[in-house]
Amino acid sequence: MSQRIRKAVFPVAGLGTRVLPATKSIPKEMLTVVDRPVLQHCVDEAREAGIEHFVFVTGRNKAVIEDHFDMSYELEDTLTKRGKMREYEALMADLPAAGATSFTRQQAPLGLGHAIWCARDIIGDEPFAVLLPDMITLPGQRGSKCLAQCIEAHEKHGGNIIAVEEVPPQDTHLYGVVSIGADHGHTFAINAMVEKPPQGSAPSNLIISGRYVLEPEIFDILAHVEKGAGGEIQLTDGMKELAKSSNFYGVRFDGKTYDTGSKIGFLAANVAFAMAREDIRPGFLNELKKIVGAG
Ligand code: G1P
């Protein structure tokens, strides 16, 4: 039986250059999709998948992330005194349990592989999840979000799990790309991975979409991985090395993933997440129809 996945790493040290100037003084993970920060959506997804401990790899100018996952005494006191119990309770429900968060810093932007390696002592010797916080997901027909589907696959196959999604072939050079071995339908064996392949050379159009379950052996490998694509220490290069001794499986997520790190993706996420909210959908749809001239 595979070991239960209790901890998740959120690499949140990135600079957010694709959405400047919005991210000049606000971490990109704190930009709002509907009424909560992008990062809160990811933490919710992790929590729904059974994660109990949330590890944030932050950087300079990211202190508000830590504040967001703490009590806000003055605010909570004011809400209670004004009888705004619904708002108060919503805040309390979002709050991670005491001791369920850890924060460590990546001191220099050396790449995703290096960011994950920074969490090695907090994770210790157990398999763990990784959620890239740019990517936020809405459930598909299976009714669960992406990380839950990865953990389900881990329970079935063990080993390491990577969520994948199809993109148009001309976009593969922007991502990590996998190629398919034995196919089990919703999941498949991965037999090759490449980070940011030059245009026209990708082994498939299935990209690594930002959710992983990894064996702890990845940490020793990441300690020695050489700089790869973009001059950075790449997680994909570490995974390629780990794949020599441990199985990797891909999960075809049946829902939808939005890349909030790009301007279009961020705007699309706001529309999709607003439309998925029963309390917001009717009024929002009205406004949307007016804007696109369909109402
Ligand atoms: C990272 C990963 C890449 C993955 C992508 C998803 O790249 O290295 O494998 O496909 O996230 O967004 P980045 O977007 O940090 O360049």
Side-chain angles (χ1 to χ4, degrees), residues 8-20 23 27-29 31 33 38-39 41-42 45 57-59 62 106 108-119 129-137 145-147 150 160-180 190 192-199 201-214 218 221-222 225-243 248-253 255-266 268-269:
V9 179
F10 301 80
V12 290
L15 296 174
T17 46
R18 287 188 293 161
V19 274
L20 281 169
T23 48
K28 62 175 173 168
E29 300 80 11
L31 296 178
V33 168
V38 165
L39 185 54
H41 287 284
C42 286
E45 176 179 336
V57 181
T58 74
K62 300 273 184 169
Q106 184 187 27
L110 297 178
L112 178 60
H114 178 262
I116 301 303
W117 179 73
C118 289
V130 173
L131 295 96
L132 303 191
D134 279 353
M135 313 299 258
I136 56 174
T137 74
K145 289 189 189 155
C146 192
L147 187 64
C150 293
N160 304 270
I161 309 290
I162 302 177
V164 301
E165 265 188 36
E166 279 185 31
V167 299
Q170 66 271 21
D171 290 345
T172 48
H173 66 291
L174 302 170
Y175 300 96
V177 180
V178 306
S179 76
I180 303 183
I190 290 177
M193 305 170 220
V194 53
E195 182 66 20
K196 313 232 165 59
Q199 240 161 356
S201 73
S204 79
N205 66 337
L206 286 176
I207 61 132
I208 298 173
S209 67
R211 301 292 183 265
Y212 313 74
V213 175
L214 296 172
I218 192 76
I221 292 172
L222 288 174
V225 153
E226 311 251 314
K227 287 181 179 167
E232 296 188 340
I233 297 171
Q234 295 290 352
L235 180 59
T236 305
D237 292 341
M239 296 193 300
K240 269 167 75 172
E241 192 57 35
L242 180 57
F248 272 79
Y249 298 91
V251 165
R252 293 186 179 91
F253 175 48
K256 190 88 185 83
T257 305
Y258 296 90
D259 182 1
T260 64
S262 82
K263 287 176 192 173
I264 301 284
F266 176 75

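All ligand and atom numbering here is 1-based and tracks the order in the structure.
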When distances are taken from atom 10 (O) of ligand 1, the protein heavy atom at minimum range is Ile208 O, 2.6 Å
Atom 2 (C) of ligand 1: closest protein heavy atom, distance to 0.1 Å, is Glu195 OE2, 3.6 Å
If I take atom CG from residue Leu242 and atom CG from residue Leu214, how far apart are they, to the nearest 0.5 angstrom? 7.5 Å
Taking NZ, NE, NH1 and NH2 as the nitrogens, is one of them in Arg18 or Asp134 under 4.0 Å from a carboxylate oxygen of the other? yes
Tell me the nearest of Arg211, Met239, Gln234, Lys196 to atom 7 (O) of ligand 1, using heavy-atom distances. Lys196
Any side-chain donor-acceptor pair under 3.5 Å between Thr236 and Glu195? yes
Any side-chain donor-acceptor pair under 3.5 Å between Thr58 and Gln106? no
Do any heavy atoms of Asp134 fall under 4.0 Å from ligand 1? no
Would Leu235 count as a contact residue for ligand 1, given that I'm defining contact as a non-hydrogen atom of the residue lying under 4.0 Å from a ligand atom? no
For Met135, take its heavy atoms, then give the atoms of ligand 1 lying under 4.0 Å from any of them. 12 (O)
Numbered atoms of ligand 1 (with element) below 4.0 Å of Thr236, judged on heavy atoms: 9 (O)
Could you check Val164 against Ile207 for side-chain contact (heavy atoms from CB on, under 4.5 Å), going step by step and ending with a plain yes or no? CA-CA 5 Å; Val164 301; Ile207 61 132; over 6 Å; no
Would you say His114 and Glu232 make side-chain contact, with heavy atoms under 4.5 Å? no
Is [X] in polar range of ligand 1, meaning some N or O pair under 3.5 Å apart?
X: Ile207; answer: no
X: Ser209; answer: no
X: Tyr212; answer: no

Please determine whether the number of non-hydrogen atoms from other residues, nucleotides or ligands lying under 6.0 Å from atom CD of Glu166 exceeds 12. no
Contact bool for atom 14 (O) of ligand 1 (protein heavy atom, d < 4.0 Å): no
side-chain contact (heavy atoms from CB on, under 4.5 Å) between Leu222 and Leu235, worked out: CA-CA 7 Å; Leu222 288 174; Leu235 180 59; 4.2 Å; yes
Applying a 4.0 Å heavy-atom criterion (strictly less than), which segment of Leu132 is in contact with ligand 1: side chain, backbone, both, or neither? side chain
